[in-house]
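Contents: one structure, followed by commentary.
In this text, all values refer to a predicted model and were calculated from it rather than measured experimentally. Each chain gets a letter, A, B and so on, in the order its sequence line appears, and its residues count up from 1.
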Amino acid sequence: MSNHILPPDILENAKAWPIQEAKALKKRLDKTAKKDGLVTFETGYGPSGPPHIGTFGEVARTSFVRHAFSALYPDYETRILSVSDDMDGMRKLPPVPGADALEPYLQQPLSRVPDPAGEAESFAGANNAKLQAFLDRFGFDYEFISASDAYNSGRKDGALIRMLEVYDEVMDIILPTLGEERRATYSPILPISPDSGRVLYVPLLERDAASGTIVYEDEDGTRREQKVTRGQAKLQWKADWAGHWYAFDTDYEMSGEDLTESVRLSRRIIQAMGKEPPVGFNYQLFLDEEGKKISKTKGNGLTIEEWLRYASPASLQLFNFSAPKKAKKLYFDIIPKTADEYWSHVEKFADQEDAKRADNPAFFIHQGDVPSVTPPVSFSLLLNIVDASGTSDPEVLRGFVAKYRPDASEEEMAALEPMLGYAVNYFQDFVLPKKSFRAPTDEERAALEFLVQRFSEVGEDEAEDVYQTIVFDAGKAQGFENMRGWFKALYEVVFGQSEGPRMGPFVKIYGPRETAELIGRALKREA
RNA sequence: GGGCCCUUAGCUCAGUUGGUUAGAGCAACUGACUUUUAAUCAGUAGGUCCUCGGUUCGAAUCCGAGAGGGCUCACCA
């Protein structure tokens, strides 16, 4: 690894989208006279369920922009906030074991709902922990913020008071967008009942910005007067977004295109509050193999875990880097391809001029610290080897790779190691289930026993040809009409598939004794 | 219907501030090699750059209109 610092004039002319975003952000900072100090990137998370691949994508993409910005304008200090909306009420029971016990907590802030698994201090806390574990695994640099903490600690008090002050303007913005029924009860500020602990969707009967108090009717009909500060009230959706921006001085936040309308309204709200809205960016949603929108409830598309089972975090970042404005299909087949594309970018980076590097995805994925060594084979080739050899034994796979790439350095072989792990998972999930072992015929059994015998005796360091010849000898000794049939039988009995590795090289790598044992075990399988 | 976004080879995508003959990987096809297959290697083929119009000496690229697709426009977040 070596940190590549590209000169600003090169970056200035780069066309990669994070660079364009960084330049747009700089314009905003100049406009708001925020000439130095802290630049805040915000990302959001709804802790009503575990983090999904879209949550991850938002942080990844925001990180790309942040890196571009820091590289272009190194004088600014930057931070990424990951804000969990755990003050939101629990609207329905989550699809997890033990959820029934949560019924009494409906409508209460997610941070006050107990964790049905009993591990975290709250339901939201459990999901927040998962989110952070994911982000940490990818090495993202961020600051986690619990919305509940922000409310309870008073960090959002200023935004709530300000919302009271501009209440009429905000209502004018929101009301025209609502249906008639909702219009009658809408309030941008939602009190939290001191009695039931629930977030109440009730109209405000009275309000006083100077004292920061509101009057409303609780669910049981009680008329209450209470402060909006210190977690006694929260902001409603679009107002809440504006409230985050207001409280955290957010300069940049991207969001999925399904939220474009919400962003528009939130921008108008924060303007009513007297601040400049952050620079935004709408990225497209992911689709499944059929081109349908991926949703948590439907369970279509891939999860983060599934991706990471077959390919590296960096490859998932690449998927998020390329064409964010395009609705892309996210399904298994693209994983090996994306993984190979990632390594190809890394490989190119080493020989590229700075101007090209400034557009290379690897530059953004690694924040400039691009690896200098790549694995000796592509992931696609490795999967082919796994398929053809019918094995996921890392030692054997290493042997095959070394055979394909005799010049591979130690460092390159070391870079292969994580890839081997992904190949093993691929083998277990896709190759193994298709295997079906059959019992040998008497003739085949005799030939296989012959093989066991010979491989037990033959030298460990013979040439591939020697081993290959033994296999043919076994077939001929039993009088097989064509060798193709003999090999097919060998593969079906020993490897559980009708195709397999060339036997000579396989035995050379796997070892004649080990091969003898492998065949022996296959013969006992049906015995 | 309004708004935002997308459309380049069968698939996934590149295409360097408008510039010669639009490229890559996979898939397909042909051949070489291996005493089976797969793999590997070499090569071939494949495009109305969604359509039409405009700007320009010159357009995949810029502008306009249209077509197709995605999201969004009651509630909730």
Go nucleotide by nucleotide along RNA chain B from the 5' end; which of A:E341 and A:K326 gets its closest nucleotide reached first?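 The answer here is A:K326.
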
Using heavy atoms to find the nearest nucleotide of RNA chain B for A:F319 and A:R91 separately, return the residue whose nucleotide is more 5′.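 Whichever sits nearer the 5' end wins; that is A:F319.
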
A:F319 six-ring centre to A:K337 NZ/CZ under 6.0 Å and within 45° of normal: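 Because its charged atom misses either the 6.0 Å distance or the 45° angle limit, A:K337 does not stack over A:F319.
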
Under 6.0 Å from the ring centre and within 45 degrees of the ring axis: does the NZ or CZ of A:R61 meet both conditions for the six-membered ring of A:F281? no

Starting from [atom2] on [N], measure out to [atom1] on [X] and report it in whole angstrom.
X	N	atom1	atom2	result
A:N282	B:C73	CG	P	13 Å
A:K328	B:U7	NZ	P	12 Å
A:L383	B:A27	CG	P	12 Å
A:E257	B:G3	CD	C1'	11 Å
A:W17	B:C5	CH2	C1'	15 Å
A:L235	B:A77	CG	P	12 Å
A:Y491	B:A39	OH	P	13 Å
A:K348	B:A24	NZ	C1'	8 Å

Got A:L382 and A:L420 here, is their nearest side-chain heavy-atom distance under 4.5 Å?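 Yes, their side chains come closer than 4.5 Å.
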
I want to verify a distance call: between [options], whose nearest atom is closest to the [X] side chain?
X	options	answer
A:D258	B:U72, B:C5, B:U12	B:U72
A:A323	B:A14, B:G70, B:C71	B:A14
A:Q236	B:A77, B:U7, B:G2	B:A77
A:Q468	B:U36, B:A77, B:C76	B:U36
A:T469	B:G70, B:A77, B:U35	B:U35
A:E261	B:C76, B:C73, B:U35	B:C73
A:F487	B:U36, B:G70, B:U12	B:U36
A:L178	B:C6, B:C75, B:C71	B:C75

Name the pairing partner of [N], where a pair is Watson-Crick or G-U wobble with both distances under 3.5 Å, or state none.
N	value
B:C4	B:G70
B:C11	B:G25
B:A60	none
B:U20	none
B:C75	none

Which whole number of Å gives the distance between the [atom1] atom of [N] and that of [M]?
N	M	atom1	value
B:U55	B:C63	P	15 Å
B:U34	B:U51	P	48 Å
B:A14	B:G2	P	30 Å
B:G64	B:A28	P	43 Å
B:G18	B:C49	C1'	15 Å
B:G54	B:C13	P	33 Å
B:G1	B:U48	P	30 Å
B:U35	B:U7	P	50 Å

How is [X] classified with respect to the nucleic acid when contacts are heavy atoms under 4.0 Å: base, sugar-phosphate, or nothing?
X	value
A:T338	nothing
A:F400	nothing
A:S344	nothing
A:L259	base

So does [X] pair up with [Y], basic N to acidic O under 4.0 Å?
X	Y	result
A:R438	A:E444	yes
A:D240	A:K156	yes
A:R183	A:E180	no

Test side chain to side chain donor-acceptor pair (under 3.5 Å) applied to A:T177 and A:K238, step by step: CA-CA 12 Å; A:T177 70; A:K238 288 151 193 160; 5.0 Å; no

Check whether the aromatic ring of A:F472 stacks on the base of B:U35, taking stacking as ring centres less than 5.5 Å apart and planes within 30° of each other. yes

On the nucleotide B:A77, are OP1 or OP2 found under 4.0 Å from the side-chain N or O atoms that A:Y201 carries?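 Yes, because at least one side-chain N or O of A:Y201 sits under 4.0 Å from OP1 or OP2 of B:A77.
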
Angle class for the A:F349/A:F363 ring planes (parallel below 30°, perpendicular above 60°, tilted otherwise)?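 A:F349 and A:F363: parallel rings.
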
